[in-house]
Participant: 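Have a look at the structure that comes next, please.
Just so it is clear, the structure is predicted and the values come from calculations on it, not from any experiment.
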Amino acid sequence: TMISEQLFSTFLYIWIALAIVIFPILLKIIVPYGRHTSSSWGPKINNRLGWILMEVPVVIVFSWFFFTGDAPKSIPVYIFYGLFMLHYANRIFVFPFKMRSQSKQMPWSIIIMAVFFNFFNGFFNGYWFGTLSPAYNLSWLYDPRFIIGLILFFVGMYINISSDNILFNLRNGDKKGYYIPYGGLFKYISSPNLFGEIIEWTGWALMSWCLPSFSFAIWTMANLIPRAVDHHRWYYHRFTDYPKNRKAIFPKLL
Ligand code: NDP
């Protein structure tokens, strides 16, 4: 092992603290991609290419540390790895090609920040499961944390993908621009896709029950709750007939 468990956990605590510091900052600013895109954050690149470039690093870094590490890999650990990759297979090979915003651009600065995040997220989880993690017993597959986490993961993934699909379908035919989405959890919240993603990674953290995976769930909340709040405000400004009872991201709550 090149990094001791103690050094690793010190870095990991710093990493989690960073998410907690960044959260209120993100609540104050609007990150300029998608509907909020702007030129104020410097030069830009094609949206679809941007998404692929942003998300590929985590797959490479996670896999590298996972497979080069010498921890004995148990079946539960392969399941965590497989589900993580399943999510990113969709995010890299499906999601960018379903988007109907090809002509749109996003700032390089967003990509650099996302790559930074993905590098560390890939490192913490890959190095943990590859090298440091104690082996999981097969009986872990019957543990309530594993079972409930697994269910949450798939429910979250379903909510995430089906809500993204509702959004893509708003631009059926050659329609452009933005419309009020209806159906599914859009009845209760403005960003069920972001809500689903939070449920998904909370489930993944629960089923693997370790600090690196929880750090990812915390980072996901720190990123997506502010974004959902921005989306929600944007909808209200944009559409005077926007449904009044909708919340931003947590049904009935926020
Ligand atoms: P959005 O909901 O803003 O956009 C998703 C897609 O739907 C975009 O192609 C967007 O087009 C289109 N769209 C959104 N709303 C409308 C509308 N009202 N009318 C027509 N088209 C619409 O999602 P985000 O960009 O915030 O996130 C995209 C995905 O990435 C989500 O699944 C999210 O969970 C995930 N993500 C995960 C993060 C993490 O930390 N784990 C961080 C960031 C994102 P356009 O681009 O033109 O706006």
Side-chain angles (χ1 to χ4, degrees), residues 19 23 26-27 30-31 33-37 47 51 54-55 83-84 86-101 104 114 144-173 175-208 213-214 216-254:
F23 176 67
L26 287 179
L27 279 175
I30 295 178
V31 182
Y33 64 98
R35 78 195 67 186
H36 311 290
T37 195
N47 212 34
W51 269 102
M54 283 198 291
E55 306 290 35
L83 294 180
F84 190 96
L86 180 68
H87 171 91
Y88 279 98
N90 173 66
R91 183 64 75 233
I92 292 167
F93 297 114
V94 182
F95 174 83
F97 298 94
K98 283 194 186 161
M99 294 195 344
R100 295 179 184 174
S101 42
K104 210 166 255 179
R145 286 164 290 186
F146 179 87
I147 296 169
I148 296 169
L150 186 73
I151 293 170
L152 285 179
F153 180 87
F154 280 111
V155 169
M157 184 177 229
Y158 174 79
I159 295 172
N160 177 254
I161 293 177
S162 60
S163 308
D164 272 339
N165 287 338
I166 289 178
L167 292 173
F168 298 141
N169 285 330
L170 292 172
R171 293 181 186 151
N172 257 331
K175 276 199 234 150
K176 292 190 164 84
Y178 292 94
Y179 308 87
I180 301 178
Y182 292 97
L185 288 180
F186 282 106
K187 188 168 179 206
Y188 306 103
I189 48 180
S190 294
S191 295
N193 52 343
L194 309 188
F195 172 70
E197 180 123 7
I198 288 175
I199 301 292
E200 204 179 332
W201 295 118
T202 303
W204 194 73
L206 198 59
M207 69 187 285
S208 54
S213 61
F214 273 98
F216 184 23
I218 293 167
W219 266 97
T220 301
M221 292 179 210
N223 270 319
L224 295 188
I225 294 171
R227 186 154 176 86
V229 170
D230 292 339
H231 285 0
H232 191 63
R233 285 204 193 107
W234 180 94
Y235 274 122
Y236 271 99
H237 284 125
R238 176 91 174 213
F239 303 101
T240 47
D241 55 341
Y242 195 70
K244 294 277 172 292
N245 54 343
R246 245 180 236 192
K247 298 286 184 187
I249 181 158
F250 297 118
K252 307 237 187 278
L253 294 173
L254 174 74

Participant: Treating Y178 as the side-chain partner and R35 as the backbone partner, does any N or O pair qualify as donor plus acceptor under 3.5 Å?
Facilitator: yes
Participant: Once rounded to the nearest 0.5 Å, what's the spacing between atom NE2 of H87 and atom CD1 of I161?
Facilitator: 8.0 Å
Participant: If I compare all heavy atoms of I166 with all of P181, which pair ends up nearest, and what's the gap?
Facilitator: CG2-CB, 4.4 Å
Participant: Can you see which heavy atom on I218 is nearest to which on A19, and at what distance?
Facilitator: CG2-CB, 4.1 Å
Participant: Is the centre of the F97 ring less than 6.0 Å from the centre of the F93 ring?
Facilitator: no
Participant: Are there more than 12 heavy atoms of other residues, nucleotides or ligands under 6.0 Å from atom OH of Y158?
Facilitator: no
Participant: Hey, mind stepping through L83 and M207 against side chain to side chain contact (heavy atoms under 4.5 Å, CB included) and telling me if it holds?
Facilitator: CA-CA 11 Å; L83 294 180; M207 69 187 285; 3.6 Å; yes
Participant: Given 3.5 Å as the limit, does a donor-acceptor pair link the side chain of H237 with the main chain of R233, or not?
Facilitator: yes
Participant: Hey, what do you get for OH (Y179) to CG (N169), rounding to the nearest 0.5 Å?
Facilitator: 12.5 Å
Participant: Please report the closest heavy-atom contact between L253 and K247, naming both atoms and the distance.
Facilitator: N-CG, 4.0 Å
Participant: Which distance, rounded to the nearest 0.5 Å, do you find between the CZ of F154 and the CD1 of I159?
Facilitator: 13.5 Å
Participant: Please evaluate residues R100 and N172 with respect to the criterion side chain to side chain contact (heavy atoms under 4.5 Å, CB included), reporting the C-alpha separation (whole Å), side-chain torsions for both, the decisive distance (0.1 Å), and the verdict.
Facilitator: CA-CA 9 Å; R100 295 179 184 174; N172 257 331; 3.4 Å; yes
Participant: Can you measure from CZ (F146) to CG (L206) and round to the nearest 0.5 angstrom?
Facilitator: 10.5 Å
Participant: Using a distance-only test with no angle check, is there a side-chain donor-acceptor pair under 3.5 angstrom linking E200 and W204?
Facilitator: no
Participant: Side chains of L254 and H232: closer than 4.5 Å at any heavy-atom pair?
Facilitator: no
Participant: Restricting to non-hydrogen atoms, name the atom on M54 and the atom on A114 that form the minimum distance, rounded to 0.1 Å.
Facilitator: SD-CB, 3.4 Å
Participant: Please check if the number of heavy atoms outside K187 that lie under 6.0 Å from its NZ is greater than 12.
Facilitator: no
Participant: Salt bridge check, E197 against R91: does any charged N sit closer than 4.0 Å to a carboxylate O?
Facilitator: yes
Participant: For P251 versus I189, what's the shortest heavy-atom pair and its separation?
Facilitator: N-CG2, 3.5 Å
Participant: Relative to the ring of W234, is the ring of H36 parallel (under 30°), tilted (30 to 60°) or perpendicular (over 60°)?
Facilitator: perpendicular
Participant: Can you establish whether the number of heavy atoms outside Y236 located under 6.0 Å from its atom OH is more than 12?
Facilitator: yes
Participant: Taking N193 as the fixed residue, which of N160, D164, N165 is the one that meets the side chain to side chain donor-acceptor pair (under 3.5 Å) rule?
Facilitator: D164
Participant: In terms of the angle between their ring planes, are F95 and W51 parallel, tilted or perpendicular, with boundaries placed at 30° and 60°?
Facilitator: perpendicular
Participant: Establish, yes or no, whether the cationic atom of R238 lies under 6.0 Å from the six-membered ring centre of Y242 and within 45° of the ring axis.
Facilitator: no
Participant: Is a side-chain N or O of Y188 found less than 3.5 angstrom from the main chain of N245, in a donor-acceptor match?
Facilitator: no
Participant: To the closest 0.5 Å, what do you measure between CD (E55) and CG (N90)?
Facilitator: 10.5 Å
Participant: Kindly compute the distance separating OG (S191) from CG (L224), expressed to the nearest 0.5 Å.
Facilitator: 9.0 Å
Participant: Of all the heavy-atom pairs spanning W201 and A217, show the shortest one and how long it is.
Facilitator: O-CB, 3.7 Å
Participant: Given side chain to side chain contact (heavy atoms under 4.5 Å, CB included), test I198 with I249 step by step and report yes or no.
Facilitator: CA-CA 10 Å; I198 288 175; I249 181 158; 3.8 Å; yes
Participant: For F250 and I225, what are the C-alpha separation, side-chain angles and deciding distance, and is it a side chain to side chain contact (heavy atoms under 4.5 Å, CB included)?
Facilitator: CA-CA 9 Å; F250 297 118; I225 294 171; 3.8 Å; yes
